[in-house]
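Step one of this worksheet: look at the structure below.
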Amino acid sequence: MLEVKGLAVERGDRLLFQDLAFELNDGELLHLHGRNGSGKTTLLRMLCGLILPAAGEIRWGGESIRDLGEDFTAHLVYIGHKNGIKGDLTGVENLRISSTLDGFPVSERRAWQALERIGLRGHEDLPTRVLSQGQQRRVALARLLVNNAKLWILDEPFVALDKAAVGLLQAVIREHAAAGGLVILTTHQEVSLTRGAVKQLQLGKTMVAGHA
Amino acid sequence: MLEVKGLAVERGDRLLFQDLAFELNDGELLHLHGRNGSGKTTLLRMLCGLILPAAGEIRWGGESIRDLGEDFTAHLVYIGHKNGIKGDLTGVENLRISSTLDGFPVSERRAWQALERIGLRGHEDLPTRVLSQGQQRRVALARLLVNNAKLWILDEPFVALDKAAVGLLQAVIREHAAAGGLVILTTHQEVSLTRGAVKQLQLGKTMVAGHA
Amino acid sequence: MLEIFFTVLRRDLLLVIRRRSDLFTTLVFFVITVSLFPLGIGPEMDTLRLIAPGVVWVAALLASMLALERLFAADFADGTLEQLLLTPQPLSLLVLGKILAHWMVTGLPLVLMAPILGLQYDLSAEALGMLMLTLLLGTPALSLIGAIGAALTLGLRGGGVLVALLVLPLFVPVLIFGAGAVEATVSGLGAEGHLSLLGAMLVLALLLGPLASAMALRVSME
Amino acid sequence: MLEIFFTVLRRDLLLVIRRRSDLFTTLVFFVITVSLFPLGIGPEMDTLRLIAPGVVWVAALLASMLALERLFAADFADGTLEQLLLTPQPLSLLVLGKILAHWMVTGLPLVLMAPILGLQYDLSAEALGMLMLTLLLGTPALSLIGAIGAALTLGLRGGGVLVALLVLPLFVPVLIFGAGAVEATVSGLGAEGHLSLLGAMLVLALLLGPLASAMALRVSME
Amino acid sequence: MREFFAMGGYGLYVWGSFGVALVLMAAEPLLVIHRRRSVWRRLARIVRLQSEETK
Amino acid sequence: MSSRLINWFKFSSPVAFYPLAGRLGAWSGWIAAILIVVGLYMSFFVAPTDYKQGEGYRIIYVHVPAAWMSMFIYVVMAGWAGMGLVFNTRLSSMMASALAPTGALFAFLSLWTGAFWGKPMWGAWWVWDARLTSALILFFLYLGFMALQASIDEPRRADRAGAILALVGVVNVPIIYYSVQWWNTLHQGATIKMGGGASMDPVMLWTMLIMTFGFWAYAIAVAMIRVQAIILERERNTTWVTELVKAGGKA
Ligand code: HEM
Ligand SMILES: Nc1ncnc2c1ncn2[C@@H]1O[C@H](COP(=O)(O)OP(=O)(O)OP(=O)(O)O)[C@@H](O)[C@H]1O
Ligand SMILES: Nc1ncnc2c1ncn2[C@@H]1O[C@H](COP(=O)(O)OP(=O)(O)OP(=O)(O)O)[C@@H](O)[C@H]1O
Ligand SMILES: [Mg+2]
Ligand SMILES: [Mg+2]
């Protein structure tokens, strides 16, 4: 489904990577490795079409994502470093608005259920601004539960989550892949999900090492 | 050195915790547990004196930290969810300014060394705004290397760090404790540091569970 | 299609209601600016009547310009703008929804408040009517044009000045014809010419604004 | 002690230099506001001369008020303010450093620019001098008083309006005596009374501003 | 009587002042009492609900 | 009984103060009503016509007490607020919040009645002289205090932030009071000076004093009732409030 060929990226004066190529098919999970600053976030945003590559091409079902435009974003959920939720709205409102815009409107009841499932019972109707770091992350991740987009691009989804939530999220991701979805994710944490039958991609092996 | 008695906190209508008490002495490390939203961040900010407790007292060397004021903050480094670095300044500038204000001015050379040690070689003089998530976290953490404050309060210091950096940071923390320093930290990640001879404190056991 | 438009509109209005006083920021600025002048200049009614249309229109222009900063910045900072770009919806439609919400919060109150402020300056009923009419045509044009500037300068160092420099040249004609129409009415001349020019600018802005802003947003998000 | 003060001062100035155009935001606003009036009002020199002190002072007040938002907000958002509170330094000293830097960036340029703008309004040399002098005394007072409001409303819903409501009552006297002194000079009267009042306000602001802002910051960071 | 209300030509001013003062000073206590009563009612309802729950 | 009267410190806690506030409120309410009715009767039927200003001068009987009260209440409010800030006592901050609206009311009345007096006396509703300007500022300080507290959700932060604003604003009070002496402005100087004798017809003086004491009692009454409402709101999670409500305690 997703094909990447000859991708290269420059930031500032640096060539972060070049000639990057991979392919991802239905039901596959790609784990993107690399040390801090190796360009993982940059690559993920590029796969979403937010950044134009310096060279190379990204194809979805055989067509370039640039040409597809909204026909590509319809199949995509991206959760980045930033949660993309409004602090002044409640969890339920955030979820309902974002899913309507994603093209999958959900009922009020469905939204409450999703938030409860992700462990926010009792906090569904607080403005997300007052929630803790991990709770805010959960609100963002609740989108995964109500969305039926095919391609999930997740940038360090486990950050700030406690163990129970990490477990839950892994189950959700596995389920999605089992149902034929595509997942690309990065994480520095050791999680069982990234072991086993998972594609691996390492970025920036050639970087200068600077450790003690 | 640090003594906490009968601490209670309200946020909104919720009582996050009450009657919390512990003591921490030279060379000890305290690992604060608790699920998302259990009040860890709130407690840490209270220990810094940023939030006034609803009840209870925090003492440093026998005196209340409110009365000590700047005599307490002189012994304290706090690194929170937010990095507390300016995106428009370079790593070196950030480090030198914050350490001057902390009362331990460092030379330009020393700052470069610290940043190199924490793995930012080649990125020391970029505005931190263009750095990756993990690199920005490293800039914030570099303060630990040049500071000789006694009490370190670290709120999820390992977030966004890659494995090499996590290892390095653990070594730095161990060293500090071995030299008689006090460390309080939270983390949801499994790290070797929090196993072994470490004090543990669990928050919010009584919270509503909402997991799938 | 329409549903999407209204979702965005509702979302932005909801946000304003939650922050309550965001609703008043622009209005308060406008009222303050207009009301401070009698303090600074002194209370002679003849002078005041003379400068009234200019003062009110300049204040409206400044208020609109300052409000531009809030059009996309908050969404940019918390990552929701990025998410809007990734929805399978025509971006210019989303942007139009945002601009409309923005105008309802920052422009419409000015239109409604202007006659009350005009009273301070002893304007005639007719002149007050014309003031409202010109503002009703002019402020949406300002919001639409301004959106382009706001989108172009998103996240740039010193966005504020840059926006001012980019949009002012396009704002000034609106100011001149707007204030001109009111002055013409005050001095008993016809204002049709001015009005039709204002209308034309509004139509043009409506056609160009959302499209250009959407393109600019894509560029700014890189 | 002094070293700390200068570290903060240097830090904030460095930040402004890095963002380059932050330096100009306030100035550009000031220049635009003052220059738009002749466009909105028409070019009669007599009217213009009459309203000049008021226009310039109102513009300076508005510019200072709008700039307040940037005094603490950025540091609050990225967590550096929290860190400042945790340094073992007297907070009011750090705050004084920040206010001074802020005034050098937002107030001083206005003082220097004012005579050039005054020329547009056909003011005499004497009046221009008085304009500069009053601004030199008045704008630091505005920054100092404004800092209290900015600190109190940090992170609140609708900070903008609230700041305006809190600081305007305290700004208005500065405006009245500032513009009053210039008007007195224009009409050939003595301005000493006005000036000494401005001076008194500055001294009072210097005593109260940093202390009260520091206390307010501690409260706002909770 | 009419003379009294005319206040020697100052009727508008005198009654404008006293009238507004009296109206506001009558309204404020009413509003405050209303506020206390409605707080009280809300608390009573909460207490009732709680006691029903625990039953 | 006697120990209860002596132990004032006890009343610094909301529990003990709540019933006291109820009684104080009721008593001063009646006193206020009586004094104001008497004062009004005197101002229209007993006090003589002024030889210079005719009947128009009667505005003085609301204007001056309202102006005094607006300043006095501000000082008291700032005092309570400051005490709350320094000693972290809840009740003092609640007292400050309870006084603010009444203070704002009197500030508004002094402006309003002043304007209605100025029009016939000076021929203008408003002039920018020192006293009027500083009185207007006082009004806005009250509004700012209330708006600031209203926009903060966390009650303790609201208390503390409001206190800082109130304390900063205290500077304004002496300015209002002495403005007529420091600058010769359009506004009249104080006829009744602190400590010095009065230069006024004794009947007029008494009328004004009665009105002032009436306003004073009024302010106490309203503030006490309001502070009761505030105590109930803020302490709603405590057991004593629950108990009180359960008992249907009419206090
Ligand atoms: C809080 C501030 C104020 C105080 C303490 C105050 C106090 C007084 C006092 C004591 C008098 C009586 C003077 C006498 O003995 O004849 C007076 C008169 C008067 N006040 Fe005020 N006043 C205040 C604000 C205002 C304001 C805001 C206005 C106008 C809007 C105003 C307008 C007047 C007028 C017109 C008189 C009558 C003056 C005259 O007899 O010529 N006052 N005020
Ligand atoms: N203007 C620039 N000049 C120089 N380098 C830049 C510039 N912009 C970005 N970079 C570099 O590009 C890289 C961006 O990396 P990216 O954010 O994709 O990293 P990442 O792999 O996601 O890291 P992390 O694990 O920390 O999230 C960083 O090394 C950064 O220093
Ligand atoms: N105004 C409020 N109303 C209700 N609840 C609030 C309010 N403010 C904060 N809270 C709650 O207080 C808690 C704050 O927790 P805190 O940020 O200390 O959690 P944490 O233990 O650090 O969590 P994490 O692991 O996610 O970082 C959250 O549960 C939040 O919902
Ligand atoms: Mg990254
Ligand atoms: Mg936390």
Side-chain angles (χ1 to χ4, degrees), chain D residues 54 91-92 95 141 144-180 183 192-194 196-197 200-201 203-222, chain F residues 74 78 81-82 84-86 88 93 100 104 107 111 126-176 178-179 182-185:
Chain D
L91 187 56
S92 46
V95 168
L144 287 159
I145 299 169
I148 307 176
L152 279 174
T153 56
L154 202 59
L156 292 187
R157 275 180 270 112
V161 188
L162 216 55
V163 165
L165 186 62
L166 296 185
V167 303
L168 259 188
L170 302 171
F171 275 18
V172 165
V174 182
L175 165 71
I176 292 178
F177 294 117
E183 261 155 31
E192 290 76 28
H194 293 281
S196 56
L197 281 171
M201 282 192 255
V203 172
L204 203 65
L206 207 51
L207 292 177
L208 272 180
L211 277 177
S213 318
M215 270 163 64
L217 281 181
R218 285 201 195 282
V219 171
S220 292
M221 286 304 294
E222 279 230 351
Chain F
Y74 191 90
L85 188 67
V86 176
N88 211 3
S93 304
L111 294 171
W126 188 261
V127 290
W128 288 101
D129 89 338
R131 168 161 284 179
L132 271 61
T133 307
S134 50
L136 184 69
I137 291 170
L138 185 73
F139 178 57
F140 275 107
L141 281 172
Y142 277 119
L143 292 189
F145 180 86
M146 291 190 284
L148 182 63
Q149 293 212 322
S151 64
I152 303 179
D153 297 327
E154 210 88 10
R156 278 182 347 131
R157 178 177 167 190
D159 287 344
R160 281 143 49 81
I164 293 170
L165 182 68
L167 289 175
V168 168
V170 170
V171 181
N172 190 39
V173 174
I175 294 179
I176 304 178
Y178 293 110
S179 52
W182 291 347
W183 302 286
N184 55 354
T185 61

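Any value given below was found using the heavy atoms of this structure, including those in side chains, with hydrogens, waters and symmetry copies removed. The structure presented is a predicted model; accordingly, all values stated were derived computationally and were not measured. In the text below, chain A, chain B and the rest are named by the order of the sequence lines, each starting its count at 1.
Shortest non-hydrogen contact noted between Pro173(D) and Ile137(F) is CG-CD1, 3.5 Å. Of all heavy-atom pairs between Glu222(D) and Arg156(F), the closest is OE1-NH2, 4.2 Å. Scanning all heavy atoms of the two residues, the minimum distance from Ala212(D) to Ile164(F) falls at O-CG2, 3.9 Å.
Atom CZ of Phe139(F) is surrounded by more than 12 heavy atoms from other residues, nucleotides or ligands within 6.0 Å.
In this structure, the separation between CZ on Arg157(F) and CZ on Arg218(D) is 14.5 Å, given to the nearest 0.5 Å.
Listed options Val167(D), Ile145(D), Leu211(D), Val219(D) were ranked by heavy-atom pairs under 4.5 angstrom with chain F; first place goes to Val219(D). The candidate from Leu170(D), Leu166(D), Leu152(D), Leu208(D) with the greatest count of non-hydrogen atom pairs under 4.5 Å with chain F is Leu152(D).
When heavy atoms are compared at a cutoff of 4.5 Å, Leu168(D) does not approach chain F at all. Using a 4.5 Å cut-off between heavy atoms, Leu85(F) touches chain D through its side chain atoms alone.
Leu156(D) places a side-chain heavy atom less than 4.5 Å from the side chain of Leu148(F).
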